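Reminder, nothing fancy here: chain letters follow the sequence lines and each chain counts from 1. Since this is a predicted model, take the numbers as computed values, not measurements.
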Amino acid sequence: MSKKEVYYLTLSILYIFYGLVQTLNGLVSIVSIEPIQICIKLGSICIPNIFPDFFAGVSLLTIGLLFITTLYYHRVDKKKSEGYLLVGWILAVLLFILNILEIAANILDAYYPIIFGKEPNFIWSLSTDPWGFAPQLLLGILSLPIYSSIKSYLTELFPGK
Amino acid sequence: MIKVGLAGNPNVGKSVIFNNLTGSRQHIGNWPGKTVEKKEGYARCNGDTIYIIDLPGSYSLTAYSPEEIITREYIINDKPDVVVAVVDASNLERNLYLVLQLMELGINLVVDLNKIDLAELSGQSIDVKMLEKLLGVPIVPTIAPKKIGLNELCEKILEVAKFKKISPKIKYSREVQDTLEKIVSILERYRDEFRDYYLVWLAIKFLEKDPIVEEIIRNRIGKNAFNEISIIRRKFEEKHGNTELYMINERYRVIQDIVSKVVRGERKLTVSDILDYAFLDKYLGIPVFLSILWILFQFTFIVSTPFIDLVGDAFAFVSENLEGITGNAYLDYLFFGDYGILNGIGMILSFVPLIMTLYFALSLFEDFGYMARAAFLMDKAMRKIGMTGRTIIPMILGFGCNVAGIYGTRIIPEEEDRIVAIITNPLMMCSARLAAFSILVQAFWQANAGSVLLSLYILGILLAVAISLLLKKTVFKERVSPFIMELPPYQFPSIKNAFSEAWNRGSLFFKKAGTIILVGLLVIGVLSTVTIDMRPARDIEESVIAMIGEAFSPIFKPLGWDWRLVVAIIFGFVAKEIVIGATAMLYGVPEEEFATFIANNYDPLTIYGYMIFVLVYVPCIASLAAIKHETGSWKWVIFTVIYEVLLAYVLNLLVVSFGRILFGWYI
């Protein structure tokens, strides 16, 4: 296996694993069961924080499956393999951006009452924000190096280039 | 002033050209009597002002869809000085079909050869001079997102409008030409009757058995002349079969001939082909689609939340500070009370960030080229339940807010499918109902609260499917809309376009829905603060609204409600968020103690039935305003109100009655 293939395999496993756990957490939350956390504990912070959300989990799982399909076609059909990689990467980056926007929105939601001279709605911190150290954020960072492999396709997406 | 119509297939970049030419000088409305969007604006070009109308995207000019009829009627009746046909250069063959039909209308035509860069990227080059020569109309290559070629387009429009009469050349087969000439020669006798029409176009459409044109001709010429042209058509039909199909093939024959002369090079795999491997994958396509929908959903509702809260709180803050300013308790309550006019304006404005965020996100995905793929993926499954593939997007958006879902139906091009999607969208459990229900389910079902909520979500979906099926089998049974699916090339979305779309939708919502909500709030505000003899009420129990509640309570007695729950339902008509607050106020308990109070005074079955009623009955006033705006008719608003109230009542009654039989021992 080439270094690239090992990298794709690692990403696939991580996305599929955290996707499955988050999907499961989303399902069990309906019947009020405590979510499963497989993380590194830093004080009260859980890294990554697999908060219960069924569709957030499905999204991670989908990205993992796209990366594993990339690997499957890697030696058979290069163009097809790149198609799955490109879509997987776009989704991973969208989740990463969404995660950052969620954090920004939560901060804004906590502190906007200050404008009216009131107390904040709640005290925001990375540890209390479910999106603070979410797998979407951390795995998104891990996926960023894929950019170098798909740069030419992204350029093609800009009209006029 | 020069009048220009912008025509073209969907997804050819027409809106980008329109936005770039008109900038902020544009207005969005609906075509009279239609739910099809009308965009018009003004452009400045070399000192001249050009009025531009963005005609609905259509693939042809037949009489099948409202978009096609609007486009051709506008061209015939309003007679623009120039029609610009926007053509996707990377898909020339298909796009030329509409160009040929526009040429048949005998109008001043300019062809905008857009996305010329994409054609080059796919390994093809187009001989523009040769295309111009073969069609006999001026051609301007453009790359709209980069504004390349738009000045030249503007100049060409002016030149054609002022100095040039275009003489398009279409070389149909000798036999077609002869048949058309024969029909035209008969129509010529009635020249004055057909002043507004190009006779060759009438002849072509008559040959194709276009019902509208056939009626126009029948009403303006004598019976004998009509028989004469009918005989010509019959002879042609006997020889060639279905005339409409024959003319379609004839146009494509002409197009293929043109394309073979002007397009050079073999088409190679583009980034769109490569992306479609995954986006349209047999197994992963649907999970990818669900993930994208979830991202859209999250983006819309989470990112807009702080702004919604901020706007609501800002108005509440102003209301609080202005309370007492009038020196009259009644006026104070009416203007600055919890359900007063100022808070009402705040409520209307608080919807605006949601609408803007939704359209910003939708526009990005639409521009990217994904929405057509999503509809393609879902179409097969959705058709089986009487809906189109595109319905899935507004349905999901409806879980956040029905107003957003109803406006989201704009992505459904077929009018009847869209109406079905609009009137069933309020059955999706929106976030306002979720907020109200979460207090009740916590009070009654604690550990199983999530499951009870999920059952309501599922009930909403099942009811929407059932109503759609019913409408398709009754009201719209004769109407089968052909499904033409075009997969536009992917491109990086235009952020400017997305902001422009968000701004337009937000302001449109505020103007249209705002007025209706304000009137509604004013009426309820007055009714809850005055007695029947129009004196200020000392408390709400003396008010007209309480009297209305009492008057209606016998109807709701079988459901186990008292008049307060009835009044809360009336308040919920303004916005579902109000239901819990209003009920708490009517019972005179603080909102935070309300859950305990209601759990002590009602049984779970009555409250489950009540939640079903709130889920199904009349959507909020903002949703009704959106339905009116989007269907362009009060008929559908009234229909929605009636069917939802009846359905809500019947369902509630069934649940309570059967529930008592089955679980009487438990309750």
Side-chain angles (χ1 to χ4, degrees), chain A residues 27-33 53-63 65-66 69-70 73 77 79-88 90-91 94-95 97-99 101-102 104-113 115-118 121 131 150 152-161, chain B residues 13 16 115-118 121 143-148 269-279 281 283-284 286-295 297-299 302-307 309-310 313-314 316-318 320 368-369 446-451 453-454 489-494:
Chain A
L27 281 174
V28 297
S29 71
I30 296 171
V31 284
S32 306
I33 293 176
D53 190 319
F54 179 80
F55 284 106
V58 169
S59 304
L60 288 179
L61 192 59
T62 306
I63 296 170
L65 293 171
L66 285 165
T69 318
T70 303
Y73 284 117
D77 186 335
K79 291 279 174 196
K80 217 168 189 177
S81 165
E82 283 170 347
Y84 288 93
L85 183 68
L86 187 52
V87 172
I90 289 171
L91 282 183
L94 282 178
L95 284 187
I97 294 169
L98 185 75
N99 200 138
L101 285 173
E102 294 263 7
N106 289 342
I107 295 171
L108 197 60
D109 209 22
Y111 296 107
Y112 78 81
I115 302 168
F116 310 113
K118 292 181 178 174
N121 277 335
W131 291 85
I150 50 168
S152 62
Y153 290 124
L154 292 173
T155 315
E156 212 182 304
L157 282 174
F158 283 89
K161 292 239 170 167
Chain B
V16 183
K115 301 188 182 181
I116 193 84
D117 53 331
L118 293 184
L121 272 172
I143 304 167
K146 295 187 74 98
K147 298 185 181 175
I148 292 172
L269 272 184
T270 63
V271 66
S272 295
D273 302 318
I274 285 163
L275 280 168
D276 276 340
Y277 282 132
F279 277 132
D281 184 276
Y283 304 107
L284 286 174
I286 300 279
V288 168
F289 167 63
L290 289 176
S291 304
I292 287 178
L293 265 188
W294 178 76
I295 291 168
F297 187 80
Q298 282 293 109
F299 179 84
I302 304 297
V303 173
S304 65
T305 299
F307 298 101
D309 292 348
L310 180 66
D313 282 11
F317 178 76
V318 175
E320 267 171 45
F368 177 58
Q446 294 91 21
N448 296 320
S451 309
L453 277 178
L454 191 64
Y490 293 101
Q491 61 175 3
F492 196 81
S494 157

Quiz item: Can you list the residues that meet the ring-ring contact (aromatic ring centres under 6.0 Å, His included) rule with B:Phe317, with sequence neighbours excluded?
Solution: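 So B:Phe317 forms a ring-ring contact (aromatic ring centres under 6.0 Å, His included) with A:Phe116.
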Those residues at least two apart in sequence (or on a different chain) that pass ring-ring contact (aromatic ring centres under 6.0 Å, His included) with A:Tyr84 are A:Tyr73
| Most chain B-contacting option - heavy-atom pairs closer than 4.5 Å, from A:Leu95, A:Thr70, A:Leu60 |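 Heavy-atom pairs under 4.5 Å are most numerous for A:Leu95.
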Checklist line | Residue, of A:Leu86, A:Ile115, A:Leu98, that accumulates the most heavy atom pairs under 4.5 Å with chain B | finding: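 The candidate making the most pairs under 4.5 Å is A:Leu98.
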Under 4.5 Å from any heavy atom of chain A - which part of [X]:
X: B:Ser494; result: neither
X: B:Ala314; result: both
X: B:Tyr283; result: neither

Pairwise side-chain contact, [X] with [Y], heavy-atom cut-off 4.5 Å (strictly under):
X: B:Trp294; Y: B:Leu290; value: no
X: B:Phe492; Y: A:Leu154; value: no
X: B:Asp281; Y: B:Val288; value: no

So, the part of A:Ile90 with a heavy atom under 4.5 Å from chain B: the answer is side chain
The interface call for A:Ala56 against chain B, heavy-atom contacts under 4.5 Å, is both
#### Entry: Test item: A:Asn121 side-chain N/O and A:Tyr112 main-chain N/O as donor-acceptor pair under 3.5 Å
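Not a single qualifying donor-acceptor pair exists.
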